[in-house]
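Working notes for the structure below.
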Amino acid sequence: MLPFALAVPALALPVVAATLGRPSARTLGLVAASYLLVAATLLAVIAGNATADASTVLDTAEGWLYVAIGLFAWASAFSAVAVARYLRARGGASHS
């Protein structure tokens with residue numbers, strides 16, 4: 001249950017960071033927090049299987065591999081938008 005409790009905010013924080021009305025330093029904090037929660041989610045999965053036999057761990061790892069890829073892709077896509085908006089608001093992005 002803990003991995004799901006960690007995954008929900010990990011999915012929500014990058015979206016909040018990307019849609020803030022006025023990007024600020026909080027944007028970067030939300031981006032960092034989302035990656036921390038993704039890592040904590042995967043660590044909770046591993047820790048939950050610490051006492052399981054090898055075949056159970058392998059089955060869980062194979063199942064969560066796609067979840068991990070999805071979580072990191074989701075967080076990366078929205079975080080890229082959030083950081084780009086933050087840089088543009090600060091005037092740090094070059095316009096060609």
(message) How close do Ala75 and Pro14 get, counting heavy atoms only, and between which atoms?
(response) CA-CG, 3.9 Å
(request) Please name the residue in the list Arg88, Arg85, Arg90 that meets the side-chain contact (heavy atoms from CB on, under 4.5 Å) test with Pro23. (result) Arg85
(request) Report the distance from atom CG of Leu11 to atom CG of Leu37, rounding to the nearest 0.5 Å. (result) 10.0 Å
(message) Hydrophobic clustering (ILVMFWY, side-chain heavy atoms < 4.5 Å, transitive) - are Val15 and Phe72 grouped together?
(response) yes
(request) Verify the cluster assignment for Leu42 and Val31: are they in a single hydrophobic cluster under the rule of side-chain heavy atoms below 4.5 Å apart? (result) yes
(message) Do Ser34 and Trp74 have side chains that approach each other closer than 4.5 Å (heavy atoms only, starting at C-beta)?
(response) no
(request) Would you indicate whether the side-chain heavy atoms of Val38 and Leu6 approach each other to under 4.5 Å? (result) no
(request) For Tyr86 and Ser24, test the side chains for any donor-to-acceptor distance below 3.5 angstrom and give the result as yes or no. (result) no
(request) Could I get the full list of side-chain contact (heavy atoms from CB on, under 4.5 Å) partners for Leu43, not counting sequence neighbours? (result) none
(message) Let me confirm one number: the OH-CG distance from Tyr35 to Leu30, rounded to the nearest 0.5 Å.
(response) 13.0 Å
(request) With sequence neighbours excluded, tell me which residues meet side-chain contact (heavy atoms from CB on, under 4.5 Å) with Val67. (result) Trp64, Leu71
(request) Give the cluster check for Leu2 versus Val8: same hydrophobic cluster or not, with ILVMFWY residues linked at side-chain heavy-atom distances below 4.5 Å. (result) no
